[in-house]
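Some notes on the structure that comes next.
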Amino acid sequence: MSPQGNPLSEGLQLRRRPEPCALVIFGASGDLTKRKLLPALYALAYRKLLPDRFAVVGVARTPQSSKAFTAAMKKAVKEFARDPFRQDVWDQLAAGMRYVSTDFSDDAGEDTVGRVLEELDAERGTGGNRLYYLAVPPQAFETVVQEIGERRAREVWVRLIVEKPFGHDLASARKLNELLHHWFGEDEIFRIDHYLGKETVQNMLALRFANGIFEPIWNRQFIDHVQITVAESIGIEGRAGFYESAGAIRDIFQNHLLQLLALTAMEPPIDFNADSVRNEKVKVLKSMHTPGPKSVVRGQYGAGFVEGVEVPAYREEPGVAPDSLTETYIAAKLYVDNWRWADTPFYVRAGKRLARRETTIAIQFQRAPHPPFEAIAGDGLRPNVLLIYVQPDEGVSLAIGAKVPGAGMTIRTVHMDFLYGGAFRTGLPEAYERLILDAMLGDATLFTREDEVEEQWKLVDAIVGGWQRERPSFPDYESGTWGPKSADDLIHRDGRSWRRH
Ligand SMILES: NC(=O)C1=CN([C@@H]2O[C@H](COP(=O)(O)OP(=O)(O)OC[C@H]3O[C@@H](n4cnc5c(N)ncnc54)[C@H](OP(=O)(O)O)[C@@H]3O)[C@@H](O)[C@H]2O)C=CC1
Ligand SMILES: O=C1O[C@H](COP(=O)(O)O)[C@@H](O)[C@H](O)[C@H]1O
């Protein structure tokens, strides 16, 4: 029973409990730890999903005591956790919390992190099991992996969660994979893409494979095209250092967008285990051919108003070059060349400072073949669309034509809706809750495999290679709009339009 006593609000449910372990967060003084990781751990503690014998070790260069770190994390939990603050839940979590200040390489031969972990094994019974979380910038990955790898033989099980970005291109991703595999087996490496931890993203699998009605029509014969939108109203939130070298293609397209596409397009896996699911996703990525230059557009936001607030242009953000050519928007028409999807376009787009925050997958079906009442249709007879709302307002909606009551035969589009909040009366678990828990359980189904990440980069490298031949004219869209005109042109050329939700 959940702490609120409502069995429908259980959210995450466990068939088995994770074994005792210590979670070691490298990068514990950073933004991700504060805003996402500690609130997720608190949510797991709140639902009694953590092992009884559990510890958290924060590691970073910033000097501070364990006491100060624990106090900072308590503040973060109060500010960012989705559950009300409960002192008893916090006390239990905080009792196993430690902080180690180190620059990871200059320990003068002393393995401080290792010593603290051994103390915790004795005090908290964590049993020599370690879950390491790499929440450091990419330039620190190598040193930290080396540090963890060298200690490996003294530990029972070791798992390693690696944050994005996983490389900058195919070559660097391969190098990083080699480094990780020098010390760890693939089954010990958990490359995180937090979109896979979102309930609604997993619901795509439930919708497709737990319902008999969709699978027969989930193909080129019935589907006209697919649209995937990852729209953000926020800008780069002070992350210019990272974003200037990443842009929308590496920040969102390479990972989140391609994952959403792969889940939409994949064949049914034989079961829901890590390799079965990931094998099918890799097949999709391998079937995608490089889009031609006219099938990919990029954009950069200028100044404007987002949700009534005036915001600066990308080039005016602190840390961004005044003549930056980094894209903050990308749209593409992609094809999955296989029997199921040949000639069915997947239009995808992602951007910052757009009109609204919204992530949606829209499956647009073919028009009805012979509408006998088209001449008197109210708003034109529109094709059916299945909408998967990933966020916000999580749910699924089917657009169908229905008769307007009264005389005549006027047809209007209406929606059959399933909304998570209404159906399950529950706040959805945050993606990081699910993913940390899965890693503790050793379940890699919702993490990206080596070959998957390399296929993603092959596509990105091909697109970026094409971009090098032309100089974009930026900025080309106003903040608070739906992106550059070139993105509209991309889809209008095919006689279609982006959905305005
Ligand atoms: N923040 C977010 O929402 C998201 C972040 N990520 C990824 O998570 C990782 C961390 O991001 P975030 O927390 O935002 O970054 P921050 O810059 O806020 O924090 C980085 C952390 O790493 C430590 N660190 C920085 N430089 C080094 C270095 N050279 N050697 C060792 N440690 C270093 C810092 O601590 P100190 O200076 O004390 O050593 C700090 O604890 C990045 O890979 C990022 O791409 C991914 C998705 C979302
Ligand atoms: O990985 C990232 O994701 C966030 C968007 O995540 P969401 O869960 O809020 O949709 C994005 O803002 C950030 O730039 C990117 O690095």
Side-chain angles (χ1 to χ4, degrees), residues 24-40 58-64 68-69 72-73 76 80 99-107 113 133-148 161-168 176 191-201 229-260 314 317 319 326-330 350-354 356-360 389-392 394 428-435 448:
V24 186
I25 304 174
F26 287 88
S29 59
D31 175 72
L32 185 72
T33 305
K34 177 178 73 177
R35 279 194 315 111
K36 298 289 183 187
L37 305 186
L38 254 294
V59 184
R61 295 169 304 183
T62 302
Q64 60 178 322
F69 173 69
M73 294 303 105
F80 297 109
Y99 180 83
V100 176
S101 164
T102 168
D103 80 347
F104 311 114
S105 56
D106 182 24
D107 273 354
V113 177
Y133 200 121
L134 250 67
V136 289
Q139 57 273 26
F141 278 10
E142 190 169 343
T143 323
V144 177
V145 170
Q146 186 92 5
E147 155 106 2
I148 303 167
I161 302 181
V162 186
E163 257 302 341
K164 68 179 278 254
F166 195 87
H168 183 76
L176 186 49
R191 296 173 195 81
I192 208 162
D193 180 323
H194 78 275
Y195 267 54
L196 292 177
K198 289 183 191 273
E199 281 290 304
T200 32
V201 172
T229 301
V230 180
E232 296 189 86
S233 53
I234 56 169
I236 54 163
E237 306 281 289
R239 293 164 70 211
F242 159 72
Y243 202 86
E244 274 282 84
S245 68
I249 194 165
R250 293 186 174 91
D251 188 37
I252 301 282
F253 178 94
Q254 180 267 338
N255 37 79
H256 308 329
L257 251 181
L258 289 181
Q259 284 292 348
L260 296 180
Y314 177 70
E317 301 271 13
T326 300
E327 79 288 349
T328 59
Y329 180 98
I330 178 167
K352 292 215 179 266
R353 287 281 191 235
L354 298 182
R356 228 184 10 256
R357 174 176 188 245
E358 180 187 307
T359 301
T360 330
Y389 294 112
V390 175
Q391 61 190 21
E394 295 83 354
L428 293 182
E430 272 282 328
Y432 283 93
E433 294 169 34
R434 169 69 191 248
L435 295 174
T448 314

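For the numbers below, each heavy atom of this structure counts, side chains included, while hydrogens, waters and symmetry mates do not. Every number for a ligand or one of its atoms is a count from 1 in the order of the listing.
Inclusion of Lys36 in the set of residues having an N or O under 3.5 Å from an N or O of ligand 1 is not warranted. The shortest N or O to N or O distance between Thr359 and ligand 2 is not under 3.5 Å. The distance criterion of under 3.5 Å between nitrogen or oxygen atoms is met by Thr62 with respect to ligand 1. The distance criterion of under 3.5 Å between nitrogen or oxygen atoms is met by Lys352 with respect to ligand 2. For ligand 1, the polar-atom distance check finds no N/O of Thr33 at less than 3.5 Å from any of the ligand's N/O atoms. Distances between N or O atoms of Ser29 and those of ligand 1 include at least one value under 3.5 Å. In terms of N/O distances under 3.5 Å, ligand 1 is not approached by Arg239. Considering backbone and side-chain N/O of Val136, one or more are found under 3.5 Å from N/O of ligand 1.
Here the protein heavy atom with the shortest distance to atom 32 (N) of ligand 1 is Phe104 CE1, 3.0 Å. Ranking protein heavy atoms by distance to atom 3 (O) of ligand 1, first place goes to Arg35 NH2, 2.9 Å. From the protein, the heavy atom lying nearest to atom 14 (O) of ligand 1 is Asp31 CB, 3.6 Å. With respect to atom 10 (C) of ligand 1, the closest heavy atom belonging to the protein is Ala135 O, 3.2 Å. Nearest to atom 6 (O) of ligand 2 among the protein's heavy atoms is His194 NE2, 3.1 Å. For atom 12 (O) of ligand 2, the nearest protein heavy atom (residue, atom name, distance) is Glu232 OE1, 2.5 Å. With respect to atom 9 (O) of ligand 2, the closest heavy atom belonging to the protein is Arg357 NH2, 3.4 Å. Protein heavy atom closest to atom 15 (C) of ligand 2, with residue, atom name and distance, is Asp251 OD1, 3.1 Å. The closest protein non-hydrogen atom to atom 12 (P) of ligand 1 is Leu32 N, 3.8 Å. Scanning the protein heavy atoms around atom 45 (O) of ligand 1, the nearest turns out to be Lys164 O, 2.9 Å. Nearest protein heavy-atom neighbour of atom 19 (O) of ligand 1: Gly30 CA, 3.3 Å.
Taking the side chain as every heavy atom from C-beta outward, Lys352 and Tyr243 approach each other to under 4.5 Å. Inter-residue side-chain proximity for Leu260 and Thr359 is flagged as met; some heavy-atom pair is nearer than 4.5 Å. Side-chain contact between Glu199 and Pro429: present, with at least one pair of heavy atoms (C-beta onward) separated by less than 4.5 Å. Put simply, the side chain of Tyr195 does not reach to within 4.5 Å of the side chain of Asn255, judged on heavy atoms. Between Gln391 and Lys198, some side-chain heavy-atom pair lies under the 4.5 Å cut-off.
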Full working for side-chain contact (heavy atoms from CB on, under 4.5 Å) between Val145 and Leu176:
CA-CA 10 Å; Val145 170; Leu176 186 49; 5.5 Å; no
Full working for side-chain contact (heavy atoms from CB on, under 4.5 Å) between Thr62 and Tyr99
CA-CA 10 Å; Thr62 302; Tyr99 180 83; 3.8 Å; yes
Carefully, step by step, assess Leu37 and Tyr432 under the rule side-chain contact (heavy atoms from CB on, under 4.5 Å).
CA-CA 7 Å; Leu37 305 186; Tyr432 283 93; 3.6 Å; yes
When you look at Glu244 and Tyr314, which way does the side-chain hydrogen bond (donor to acceptor under 3.5 Å, both in side chains) test go after all the steps?
CA-CA 10 Å; Glu244 274 282 84; Tyr314 177 70; 2.6 Å; yes
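Residue Ala60 has at least one heavy-atom neighbour below 4.0 Å for each of these atoms of ligand 1: 35 (O), 38 (O), 39 (O), 41 (O). Contact atoms of ligand 2 toward Gln391: 7 (P), 10 (O) (distance under 4.0 Å to a heavy atom of the residue). Short contacts between ligand 1 and Ala28, defined as distances under 4.0 Å to a heavy atom of the residue, involve ligand atoms 41 (O). Residue Ile234 approaches ligand 2 through these ligand atoms, each under 4.0 Å from one of its heavy atoms: 12 (O). With ligand atoms numbered from 1 in the order given, ligand 2 contributes 7 (P), 8 (O), 10 (O) to contacts under 4.0 Å with heavy atoms of Lys198. Below 4.0 Å from some heavy atom of Arg239 lie the following atoms of ligand 2, by number and element: 13 (C), 14 (O), 15 (C), 16 (O). Atoms of ligand 2 lying under 4.0 Å from at least one heavy atom of Lys164, given by number and element, are 1 (O), 2 (C), 15 (C), 16 (O).
Assignment of Tyr243 to the shell around ligand 2 is not supported, since no heavy atom sits closer than 4.0 Å.
When the heavy atoms of Pro137, Gly27, Ala140 are ranked by distance to atom 24 (N) of ligand 1, first place goes to Pro137. If you check each of His256, Glu163, Arg61 against atom 47 (C) of ligand 1, the one with the closest non-hydrogen atom is Glu163.
At a distance under 4.0 Å, a protein heavy atom can be found next to atom 43 (O) of ligand 1.
Remark: the backbone N or O of Arg353 is not paired with any side-chain donor or acceptor of Ser233 at under 3.5 angstrom. Judged by distance alone, the side chain of Arg250 and the main-chain N or O of His168 form a donor-acceptor pair under 3.5 Å. A donor-acceptor pair under 3.5 Å is absent between the side-chain atoms of Gln259 and the main chain of Leu196, judged by distance alone.
Checking Thr448, Asp193, Asp251 one by one against Lys164, the side-chain hydrogen bond (donor to acceptor under 3.5 Å, both in side chains) holds for a single residue, Asp251.
Atoms CZ and CG, on Arg239 and Asp31 in that order, are 8.0 Å from each other to the nearest 0.5 Å. Atoms CD1 and CG, from Ile25 and Leu38 in turn, are 5.5 Å apart once rounded to the nearest 0.5 Å.
At a cut-off of 3.5 Å, with distance as the only test, a side-chain donor of Glu358 or Thr360 sits close to an acceptor on the other residue. Side-chain contact of Tyr133 with Glu163: a donor-acceptor pair under 3.5 Å is present, judged by distance alone.
In this pair, His194 and His256 present their aromatic rings perpendicular. The plane angle is above 60°, beyond the 30 to 60° band.
By the criterion of a heavy-atom distance under 4.0 Å, neither the backbone nor the side chain of Glu237 is placed next to ligand 2.
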